[in-house]
Amino acid sequence: MRALPAAVVVTAIVLPLSAAARPVVPAPPPARLAPATAATLAGTYAAHRANAEEASRMAAAHGDDRRAAADRALAAPGRQLLAFDGRGSGRAVEVLGDLARADRVAVLVPGSDTSLDTYGRFRATATALYDRLVHEAPPGTGVAVVAWLGYETPGTVSTAVLTPDRADEAAPELRELIRQLPLITGPGSHVALLCHSYGSVVCARAASGPAVDDIVLIGSPGTGAKDVTALRTTARVWAARGEDDWIADVPHARAELLGVTVGFGTDPVSPQFGARVFAAGDGGHGDYFRPGSVSLANLARIVLGEQAEVSRA
């Protein structure tokens, strides 16, 4: 059964597949705010919650109960939104923890099929990581997780997932988030990018921007770079793949077809790539943040700067 997803991907190269277009759901434009600082963070969160509440009302009036519920959840008291845009597939950047006092910050970048409609699933991964960080952090160490749905992700079964186009569009937004984080946390915080699946292509495109301490590629189809050196980053680069992850069966190739780049090249867990490969246990493509898993334990250790404690594959 592991070969099935790979066959679907290969088929998509030869016979383009596309899902039926989702009906347009009305939503207000995003709140226009100055970049957040520690002093303005509460106001930023409140403004985006208000925008999400209005988006929920508009979606409900349009008859889209699923989107209305997703927006309403993001508008709930206590939700900490650095950004929100209910238009189209949607964007949301949410903080778990006290970002202004965080010594260690993890930024999660999701892969395909992540949108406002499926945001709850993505947030669950962020919550699992945050809970683990809180449990494992040394006394006095502040932690925060930023769930960054800052781009239009491709569909898993689509031609878009085979090209870097969506990643090229997303990378400037991710670089800008990283650039702005010190305005909130102060310059001494450590930042780790945790990049799942197609999200690893996004992180690779953003890697040469503002400095981060660690870049972690999990369940990656490749990054478009032949090796770590080609990422042009000063960060430590890590990679892992679960034993039952179907992404292992996707060809790690890169080619130009009719002027379009298809595929992402070198396997990030291969010796040729040169990343620090760590153990991810026996999980599948969606299991890297499963509570109690080997992969989640290692991800938390990387975020907390406990490199010597990370178990290697």
Side-chain angles (χ1 to χ4, degrees), residues 36-38 40-53 70-85 90-111 114-116 118-151 153 173-174 177-178 180-186 189-196 199 203 212-216 218 286-293 295-306:
T37 67
T40 65
L41 199 53
T44 297
Y45 293 159
H48 291 305
R49 284 197 304 269
N51 188 275
E53 180 61 37
D71 292 342
R72 190 180 310 114
L74 282 161
R79 299 294 284 265
Q80 301 182 143
L81 304 181
L82 276 179
F84 176 82
D85 185 350
R91 310 282 194 278
V93 181
E94 184 174 11
V95 175
L96 282 71
D98 187 348
L99 187 59
R101 292 179 173 82
D103 305 296
R104 298 276 172 177
V105 180
V107 178
L108 270 58
V109 181
T114 309
S115 67
L116 287 186
T118 63
Y119 182 79
R121 181 181 63 199
F122 177 45
R123 188 177 192 269
T125 68
T127 300
L129 176 63
Y130 178 70
D131 289 346
R132 181 80 190 205
L133 291 173
V134 170
H135 184 263
E136 298 293 337
T141 299
V143 297
V145 173
V146 179
W148 188 80
L149 176 56
Y151 77 113
T153 69
E173 301 296 330
L174 181 56
L177 171 76
I178 300 301
Q180 291 182 6
L181 279 177
L183 299 176
I184 302 171
T185 65
S189 63
H190 293 256
V191 177
L193 281 179
L194 276 53
C195 319
H196 179 241
C203 290
V212 296
D213 298 281
D214 296 276
I215 297 174
V216 188
I218 47 179
D287 294 331
Y288 291 96
F289 295 88
R290 188 179 68 227
S293 65
S295 58
L296 182 59
N298 279 329
L299 289 169
R301 290 166 185 151
I302 292 169
V303 174
L304 293 173
E306 299 170 352

Distance-minimising heavy-atom pair for [X] and [Y]:
{"X": "Ala102", "Y": "Ser189", "value": "O-CB, 3.4 Å"}
{"X": "Tyr45", "Y": "Arg79", "value": "CB-O, 4.3 Å"}
{"X": "Leu296", "Y": "Pro291", "value": "CD2-CA, 3.8 Å"}

- Message: Check this for me: does any side-chain nitrogen of one of Arg123 and Glu94 sit under 4.0 Å from a carboxylate oxygen of the other?
- Response: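 Salt bridge present between Arg123 and Glu94.
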
- Query: Is a salt bridge present between Glu136 and Arg132, judged by a nitrogen-to-oxygen distance below 4.0 Å?
  - Reply: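 Salt bridge: yes.
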
Scan [options] and name whichever one has a side chain to side chain contact (heavy atoms under 4.5 Å, CB included) with [X].
{"X": "Ile184", "options": "Val105, Leu99, Thr37, Val146", "value": "Leu99"}
{"X": "Ile302", "options": "Asp213, Ile215, Val216", "value": "Val216"}
{"X": "Val107", "options": "Val93, Val303, Val145, Ile178", "value": "Ile178"}

Taking [X] for the side chain and [Y] for the main chain, is one N or O donor matched with an acceptor at less than 3.5 Å?
{"X": "Arg72", "Y": "Glu53", "result": "no"}
{"X": "Tyr130", "Y": "Thr125", "result": "no"}
{"X": "Thr40", "Y": "Gly43", "result": "no"}
{"X": "Thr185", "Y": "Leu181", "result": "yes"}

- Item | Residues forming a side chain to side chain contact (heavy atoms under 4.5 Å, CB included) with His48, sequence neighbours excluded |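 Per chain and number, His48 pairs via side chain to side chain contact (heavy atoms under 4.5 Å, CB included) with Ala31, Leu33, Thr44, Leu81, Phe84.
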
Find the distance between [atom1] ([X]) and [atom2] ([Y]) and round it off to the nearest 0.5 Å.
{"X": "Arg301", "Y": "Leu304", "atom1": "CZ", "atom2": "CG", "result": "10.0 Å"}
{"X": "Leu74", "Y": "Leu116", "atom1": "CG", "atom2": "CG", "result": "6.5 Å"}
{"X": "Ile218", "Y": "Phe289", "atom1": "CD1", "atom2": "CZ", "result": "4.0 Å"}
{"X": "Leu149", "Y": "Ser115", "atom1": "CG", "atom2": "OG", "result": "7.5 Å"}
{"X": "Leu299", "Y": "Asp214", "atom1": "CG", "atom2": "CG", "result": "11.0 Å"}
{"X": "Thr114", "Y": "His196", "atom1": "OG1", "atom2": "NE2", "result": "8.5 Å"}

- Go through the steps for Leu194 and Tyr288 under the test side chain to side chain contact (heavy atoms under 4.5 Å, CB included), then give the verdict. CA-CA 11 Å; Leu194 276 53; Tyr288 291 96; over 6 Å; no

- Message: I need the full list of side chain to side chain donor-acceptor pair (under 3.5 Å) pairs touching residues 99-108, with sequence neighbours left out, sorted by first then second residue.
- Response: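 Checked against side chain to side chain donor-acceptor pair (under 3.5 Å) - neighbours excluded - the pairs reaching residues 99-108 are Asp98-Arg101.
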
- Message: Does Arg290 form a side chain to side chain contact (heavy atoms under 4.5 Å, CB included) with Asp287? I'd like the steps, not just the answer.
- Response: CA-CA 5 Å; Arg290 188 179 68 227; Asp287 294 331; 3.4 Å; yes

- List the steps and the verdict of side chain to side chain contact (heavy atoms under 4.5 Å, CB included) for Cys203 and Leu174. CA-CA 8 Å; Cys203 290; Leu174 181 56; 4.2 Å; yes

- Query: Does the side chain of Leu82 come within less than 4.5 Å of Leu177's, by heavy atoms?
  - Reply: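 Side chain of Leu177 against side chain of Leu82, heavy atoms only: contact under 4.5 Å found.
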
- Close side-chain approach of Trp148 and Leu193, heavy atoms under 4.5 Å: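 Not touching, per the 4.5 Å side-chain cut-off.
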
- Query: Should the ring pair Tyr119 and Phe122 be called parallel, tilted or perpendicular, given that the plane angle runs from 0 to 90° and is split at 30 and 60?
  - Reply: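 Tyr119 vs Phe122 ring planes: perpendicular.
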
